[in-house]
Amino acid sequence: MMQTGPHKVVIVGGGAGGLELAAKLGKKFGPQHVFLVDRAGDHIWKPSLHEVAAGTLDIHREGLSYFMLAKDKGFTFIFGEVAHVDRDGRLVQLKPVFSDQDIEIFPARNLHYDTLVLAVGSKSNFFGTPGAAEHAIALDSTQEAERFRLRLLHQLVTANQKKTEHADYVLKIGIVGGGATGVELAAELREACADAVFYGLNSLDPQRDIQITLLEGADRILSALPEKMSVAAQQLLIDRGIQVKTSVRVARVEPDALYDANGARYPIDLCVWAAGIEAPIFLKQLRLQTNRINQLVVDRGLRTEDPAVFALGDCAQVPWDNTTQFLPARAQIAHQQASFLLPEMARRIQGQQSENRNFRFRDYGSLVSVGHSRGVGSLMGVLSGKSWFVEGLLARMMYMSLHLMHHFAILGFARTAALALGRILMKRGAPRVKLH
Ligand SMILES: Cc1cc2nc3c(=O)[nH]c(=O)nc-3n(C[C@H](O)[C@H](O)[C@H](O)COP(=O)(O)OP(=O)(O)OC[C@H]3O[C@@H](n4cnc5c(N)ncnc54)[C@H](O)[C@@H]3O)c2cc1C
């Protein structure tokens, strides 16, 4: 299609990767060239969602307004959910936006692009397991994480009441999926429940009366990481009183129990599903190659078969350098891919030829937080194939570094520092876990 007016780069999805790209590109070229579309009005750092679910992070203090970021960084923000892309007409089609009273705020709209970058992330994959979507909560959004937190609080108060009445009662929390999200959530919940008890649920003994069970289908947790790390993480979880069950494939979810493929029953009061991911289904309808989990198949330059369409982050299947494997869904990768696409998008805006470069992932290690209390952390990592384990404030700071790097990219140094200081000060006046 002939280009008229300024070249428009439209980025759909303002998450770990898309927002960084929009901010860097917007700063260079301005709002007439750079457009970011997101279905949410606020940006949150998705890897924090397990802390939101546990109540150790207050989401109402975390979100960054896209409208504010757009003004600061020089891109145009379009609020709305993309339903489809008309590649022949080069149009992104947005659904109408309604208020909570069902009043239409924005009608259905079309947005023209010259270059499109799809960065729509992923959501939990229930793998068609009966009852999972109805009875388990997946930590895909702030709303879901907040829904879990409120249910947990409700269940804790109920459990405390039952114990006051001398009933023999144990609150049972099931986590399906022993990847990094499940492991981190289990550790975070153990500490958050103890904190909630500390603030007044006096009839509960957090270790005895709150049972947390992590169920994993593979024969070890953290199966994408070296075995040494799985063994150490499992031991740490067990030391914290968490039950870890491996080689258990959950085949059915009911309101009060999980059932495995052999029919064994695991009673639950609350269930979190963290057993794998899939990209948004609308990607399947774009007449571009996708894989079985709806990710767009791209080459090492993050290009789809359509020269005007790129994809990055969790929604893209990207070859892992010269191996036959594909890159995993990680914030570190989305962050690096945003930096990689920046010069390519700049060339397009300036009407220059592509350099046809390939993305190369630099693995700075995997960090899995296995709990913290009073600012002290325990962290397991793998760097250059070697596993290691760190504890203390250093661990906490290393874990936060990816989040901080993300903030630097979208806010700059001074505002990141001010925000970090503000949050530390706010924490001093707030309980360790959100109680309302
Ligand atoms: C609980 C949890 C803990 C995690 N911990 C870690 C960790 O410790 N380390 C790590 O590396 N990774 C972690 N991850 C994975 C990490 O969050 C993702 O890999 C990363 O966020 C992917 O970035 P992205 O830019 O591809 O997508 P996302 O960050 O998910 O952003 C996608 C954006 O697209 C928007 N969007 C989606 N669909 C549409 C649509 N149709 N129209 C408009 N907008 C849309 C969404 O609102 C969102 O803003 C964790 C994930 C979870 C859930």
Side-chain angles (χ1 to χ4, degrees), residues 1-38 66 69-70 72-78 82 85-92 111-121 283 286-289 295-322 327 331-362 405-406 408-410 412:
M1 172 172 277
M2 279 287 291
Q3 184 191 327
T4 51
H7 186 103
K8 287 184 175 172
V9 175
V10 173
I11 301 159
V12 183
L19 178 57
E20 289 191 20
L21 180 60
K24 288 177 178 168
L25 211 55
K27 208 169 163 198
K28 263 187 139 142
F29 297 103
Q32 70 280 24
H33 286 290
V34 186
F35 295 75
L36 176 70
V37 185
D38 204 290
Y66 283 116
L69 292 166
D72 278 6
K73 294 293 161 187
F75 60 85
T76 301
F77 176 60
I78 310 281
V82 171
V85 178
D86 167 8
R87 290 198 297 114
D88 299 327
R90 290 206 180 158
L91 294 173
V92 168
L111 178 67
H112 170 76
Y113 66 86
D114 296 295
T115 301
L116 177 65
V117 180
L118 291 162
V120 285
L283 299 179
L286 307 189
R287 291 181 292 110
L288 291 169
Q289 201 188 340
Q295 288 173 316
L296 288 164
V297 173
V298 295
D299 65 13
R300 289 181 57 207
L302 310 185
R303 290 171 287 246
T304 66
E305 308 109 285
D306 181 338
V309 183
F310 291 71
L312 65 78
D314 286 9
C315 73
Q317 174 187 285
V318 187
W320 194 335
D321 298 343
N322 294 319
L327 290 169
Q332 190 188 149
I333 292 173
H335 163 77
Q336 290 182 27
Q337 289 175 341
S339 303
F340 166 81
L341 272 190
L342 184 65
E344 176 69 27
M345 294 302 121
R347 295 186 81 81
R348 287 184 153 243
I349 289 173
Q350 292 165 320
Q352 296 167 357
Q353 283 286 309
S354 167
E355 285 182 319
N356 284 327
R357 292 174 317 123
N358 283 334
F359 174 70
R360 220 184 150 78
F361 172 49
R362 284 172 196 270
M405 268 161 55
H406 177 65
F408 284 152
I410 57 174

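Taking CG from L283 and CG from L288, the interatomic distance works out to 9.0 Å, rounded to the nearest 0.5 Å. Atom CG of residue D38 and atom CD1 of residue I78 lie 12.0 Å apart, to the nearest 0.5 angstrom. Rounded to the nearest 0.5 angstrom, R362 CZ and S339 OG are separated by 11.0 Å. Here the straight-line distance linking atom CD1 of I410 with atom NZ of K24 works out to 10.5 Å at 0.5 Å rounding. Distance check: T304 OG1 to F310 CZ gives 8.0 Å after rounding to the nearest 0.5 Å.
Side chains of V298 and R303 form no contact here, defined as non-hydrogen atoms less than 4.5 Å apart. Using a 4.5 Å heavy-atom cutoff, the side chains of Q350 and F29 are in contact. Taking the side chain as every heavy atom from C-beta outward, V9 and L21 never approach each other to under 4.5 Å. Using a 4.5 Å heavy-atom cutoff, the side chains of L118 and L286 are in contact. Counting only heavy atoms from C-beta outward, the side chains of V82 and V120 never approach each other to under 4.5 Å.
Closest heavy-atom contact between P6 and D114: O-OD2, 3.7 Å. Between H33 and H7, the shortest heavy-atom distance links the atoms ND1-O, 2.8 Å. Closest approach of F75 to L69, counting heavy atoms only: CE2-O, 3.8 Å. Scanning both residues, R348 and P307, for their nearest heavy atoms gives NH2-O, 2.6 Å. Closest of all the heavy-atom pairs between R287 and R87 is O-NH2, 3.0 Å. Residues A311 and L296 approach most closely at CB-CD1, 3.8 Å, considering heavy atoms.
In terms of modelled atom types and a separation under 3.5 Å, the side chain of Q289 and the main chain of E305 share no donor-acceptor contact. With Q295 contributing its side chain and D314 its backbone, the two residues share a donor-acceptor pair below 3.5 Å. Judged by distance alone, the side chain of Y66 and the main-chain N or O of G14 form a donor-acceptor pair under 3.5 Å.
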Open item on the list: Using the rule given for salt bridge (charged side-chain N to carboxylate O under 4.0 Å, His left out), can you reason through R90 versus D306, listing the C-alpha separation, both sets of side-chain angles and the distance that settles it, and then say yes or no?
Closed with: CA-CA 11 Å; R90 290 206 180 158; D306 181 338; 5.3 Å; no
Open item on the list: Before you tell me yes or no, could you show the steps for K73 and V34 under side-chain contact (heavy atoms from CB on, under 4.5 Å), namely the whole-Å CA-CA distance, both residues' side-chain angles and the distance that decides it to 0.1 Å?
Closed with: CA-CA 10 Å; K73 294 293 161 187; V34 186; over 6 Å; no
- [ ] Determine, step by step, whether Q32 and T76 satisfy the side-chain contact (heavy atoms from CB on, under 4.5 Å) criterion, reporting the C-alpha distance in whole Å, the side-chain angles of both residues, the deciding distance to 0.1 Å, and the verdict.
- [x] CA-CA 7 Å; Q32 70 280 24; T76 301; over 6 Å; no
- [ ] Apply side-chain contact (heavy atoms from CB on, under 4.5 Å) to M345 and I11, showing your working.
- [x] CA-CA 11 Å; M345 294 302 121; I11 301 159; over 6 Å; no
- [ ] List the steps and the verdict of side-chain contact (heavy atoms from CB on, under 4.5 Å) for L312 and F340.
- [x] CA-CA 10 Å; L312 65 78; F340 166 81; over 6 Å; no
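Ring planes of F361 and F359: parallel class, angle under 30° (limits at 30 and 60°).
Checking S354 against E344 by side-chain atom types alone, a donor-acceptor pair falls below 3.5 Å.
In this structure, R357 places its CZ atom where more than 12 heavy-atom neighbours from other residues, nucleotides or ligands lie under 6.0 Å away.
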